[in-house]
Amino acid sequence: MEPASVRKHSLLSMIARNGGHGEHSPYFDGWKAYDRNPFHPTQNPDGVIQMGLAENQLSFDLIEEWIKNNPTASICTPDGVGKFKDVAIFQDYHGLPEFRQAIAKFMGRVRRGKATFDPDRIVMSGGATGASETLIFCLADRGDAFLVPSPYYPAFDRDLRWRTGVRLIPFACDSTNNFQVTLAQMESAYAKAIEANINVKGVILTNPSNPLGINLSKETLTSLLSFTFEKNLHMVCDEIYSATVFKSPAFTSIAEVMQETECNPDLVHIIYSLSKDMGLPGFRVGIIYSYNDQVVNCARKMSSFGLISSQSQHLLASMLSDEVFIEKFLEENSRRLGKRHSRVVEGLKQEGINCLEGNAGLFLWMDLRHLLKEPTPDAEMELWRVIIKDVKLNVSPGSSFHCPEPGFFRVCFANMDDHTVEVALQRIREFVSKGNKNGDDKKHWRKRDLRLSFTSRKCDESLISPRQIMSPHSPVPQSPLVRART
């Protein structure tokens with residue numbers, strides 16, 4: 001609690017002043033280091049390579065080709081300008097009917113037709129960040145809690161907690177079973193929360209997982225859904241990576257599982273987006289799909305604070321309705337993700353670095369425990385600082401994902417071209433090679449000058465180059481809060 005004198009004289013609200021935004025995290029610190037010194041193959045070849053951004057740039061050519069072949073889809077072309085007025089005037093909060101129909105059909109296609117979606121339950125929001133926060137506002141009061149398996153997406157601490165005042169209670173998954181979520185873990189976390197007199201409102205799952213890049217099995221989803229039904233808890237499933245699966249097992253949606261499991265549909269909600277599956281984060285397409293009429297009605301009223309532009313809806317409705325294109329895109333995008341994933345995994349493996357066996361997402365879960373001075377969070381942070389400062393790769397440390405075991409890092413692989421991937425792998429190769437020459441791959445970086453001060457885990461200026469080259473993908477440029485869902 002702030003002193004009354006501070007509150008009286010402050011020009012900002014308590015929300016604006018508190019640290020609930022989660023910016024003071026290694027996850028965002030790495031972004032700052034990259035944004036001050038971004039890699040460019042010719043203009044800045046010694047810069048930091050961004051491997052902390054979960055963005056899919058591997059299939060832009062397919063979308064660009066479609067746009068060229070469908071000029072009437074945009075109101076900003078001579079062919080499509082006839083629709084300009086209809087799209088530019090005020091639209092109600094339900095969104096364009098053709099967009100809701102198209103997104104509902106696309107969601108069903110991504111789930112291989114094993115679940116269907118009602119366009120009237122589609123609620124729009126400005127990206128999955130806005131959708132997630134809106135849903136939490138609808139479901140919980142300040143002080144209520146949600147159970148979340150960890151490691152989990154770092155910005156959940158900002159997106160779901162900062163303005164709503166809810167609590168997130170991690171229950172740890174670890175390497176002993178390849179970070180699989182189990183019913184026993186959830187039951188234990190729930191029991192401890194109840195014993196501590198915490199009002200648990202629900203469970204939040206990310207499927208496929210960010211940062212692990214793996215699916216939840218149908219059996220696991222069934223057991224977890226049954227548990228939430230028994231305890232009268234909300235089940236919130238973030239499924240924004242559902243079309244990024246590139247090898248078996250296939251993705252299973254909670255929408256499919258609930259058809260075969262005894263549950264209360266009023267307690268089941270899905271967060272969706274086109275940021276990952278279509279690689280369109282700049283379009284800010286976030287979707288709430290709830291089976292609860294009251295949630296749909298409330299969320300729709302709140303959507304006025306972050307609607308998707310009508311121009312985006314108009315274009316995407318046409319694109320998503322093109323079944324031939326969508327089928328081709330999903331198939332080719334999956335193939336490209338799998339190829340890139342295999343290249344990075346194999347490149348790391350050649351240097352003695354293993355990764356969790358993944359099958360989805362835009363990232364992999366890299367195991368550097370053998371490089372830690374000791375198995376502690378401090379040792380993980382020490383290694384991470386060296387990777388940014390000396391190797392000049394922005395990879396995200398597991399501690400920022402609430403990982404219970406030190407030494408794991410998330411590595412994003414789909415936001416760069418093939419050349420940049422090879423440069424990144426070469427840097428890792430040189431880093432490991434220097435250690436091997438010393439006879440101990442741990443010793444060479446421990447002997448370096450690591451006098452880096454991360455007060456409150458803020459990014460130290462010694463990580464930053466004097467260059468002020470700003471990346472076009474910068475989440476900052478002054479603060480990482482303007483970029484979301486990475």
Side-chain angles (χ1 to χ4, degrees), residues 13-16 18-23 25 93 121-171 186 189-190 193 198-207 209-210 224-225 227-229 231-241 254-255 264-273 275 284-308 401-402 481 483-486:
S13 70
M14 290 187 66
I15 289 180
N18 71 28
H21 48 71
E23 180 182 345
S25 159
Y93 304 148
R121 292 194 175 279
I122 296 289
V123 181
M124 302 181 307
S125 184
T129 295
S132 299
E133 185 188 57
T134 296
L135 181 59
I136 295 301
F137 268 123
C138 292
L139 301 183
D141 294 312
R142 184 172 293 273
D144 290 343
F146 287 84
L147 306 179
V148 190
S150 68
Y152 66 76
Y153 170 55
F156 272 169
D157 293 324
R158 172 198 65 193
D159 301 350
L160 307 181
R161 296 173 53 242
W162 185 22
R163 300 194 299 182
T164 66
V166 304
R167 302 174 62 177
L168 298 184
I169 301 178
F171 60 93
M186 181 181 289
Y190 178 78
I198 298 172
N199 186 32
V200 179
K201 290 301 293 283
V203 173
I204 298 173
L205 302 176
T206 302
N207 183 33
S209 167
N210 176 7
L224 300 184
L225 182 60
F227 175 79
T228 57
F229 171 59
K231 301 299 183 182
N232 198 38
L233 302 175
H234 290 284
M235 169 66 81
V236 177
C237 283
D238 181 332
E239 298 186 348
I240 67 173
Y241 290 96
I254 196 67
N264 179 359
D266 283 345
L267 297 174
V268 180
H269 324 276
I270 296 172
I271 297 296
Y272 191 57
S273 168
S275 296
R284 309 308 304 142
V285 176
I287 299 296
I288 298 171
Y289 191 91
S290 176
Y291 295 88
N292 185 315
D293 291 340
Q294 290 180 302
V295 170
V296 170
N297 291 335
C298 180
R300 187 157 286 146
K301 294 172 185 175
M302 296 182 70
S303 69
S304 60
F305 296 105
L307 286 172
I308 305 166
F401 295 85
H402 299 272
L481 298 181
R483 185 63 175 251
R485 304 301 291 189
T486 58

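These numbers come from the heavy atoms of this one structure, side chains and all, not from hydrogens, waters or symmetry mates.
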Inset, instruction - To the nearest 0.5 angstrom, please state how far the CG atom of Asn292 sits from the CG atom of Asn297. - result: 9.0 Å
Legend entry - Closest approach of Ala140 to Val166 (non-hydrogen atoms, all atoms of both residues): CB-CG1, 3.8 Å
Inset, instruction - Please report the shortest heavy-atom distance between Asp144 and Asn199, naming the atom on each side. - result: OD1-ND2, 2.9 Å
Legend entry - Residue pair Phe401 / Ser150: nearest heavy atoms and the distance that separates them: O-CB, 4.2 Å
Inset, instruction - For His402 and Asp157, test the side chains for any donor-to-acceptor distance below 3.5 angstrom and give the result as yes or no. - result: yes
Inset, instruction - Verify, without hydrogens or angle tests, whether Glu133 (side chain) and Trp162 (backbone) share a donor-acceptor contact under 3.5 angstrom. - result: no
Inset, instruction - Please answer whether the main-chain N or O of Val285 pairs with a side-chain N or O of Ser273 as donor and acceptor at a distance below 3.5 Å. - result: yes
Legend entry - Exercise: identify the closest heavy-atom pair between Met302 and Cys138: SD-SG, 4.0 Å
Legend entry - CG on Leu233 to CG on Leu224, rounded to 0.5 Å: 11.5 Å
Legend entry - Min side-chain heavy-atom separation Cys237-Asn207 under 4.5 Å: no
Legend entry - Asp238 CG to Ile254 CD1 distance, which is reported to the nearest 0.5 Å: 12.5 Å
Legend entry - Side-chain donor or acceptor of Arg284 paired with backbone N/O of Leu307 under 3.5 Å: no
Inset, instruction - Spell out, as yes or no, whether a donor-acceptor pair under 3.5 Å connects the side chain of Ser290 to the backbone of Val295. - result: no
Inset, instruction - May I ask you to check whether over 12 heavy atoms, not counting those of Arg121, lie within 6.0 Å of atom CZ? - result: yes
Inset, instruction - Find the distance between CD1 (Ile204) and OH (Tyr152) and round it off to the nearest 0.5 Å. - result: 9.0 Å
Inset, instruction - From the options Asn264, Val203, Leu267, select the one residue that forms a side-chain contact (heavy atoms from CB on, under 4.5 Å) with Thr228. - result: Val203
Legend entry - Lys301 backbone acceptor or donor facing Ser304 side chain under 3.5 Å: yes
Legend entry - Shortest non-hydrogen contact between Glu239 and Ile270, atoms and distance: OE1-CG2, 3.8 Å
Inset, instruction - Kindly assign one of parallel, tilted or perpendicular to the pair Phe227 and Tyr190, based on the angle between their ring planes and the thresholds 30° and 60°. - result: perpendicular
Legend entry - Side chain to side chain, His269 and Leu139, heavy atoms closer than 4.5 Å: yes
Inset, instruction - Search all heavy atoms of Phe137 against all heavy atoms of Arg163 and return the closest pair with its distance. - result: CZ-O, 3.8 Å
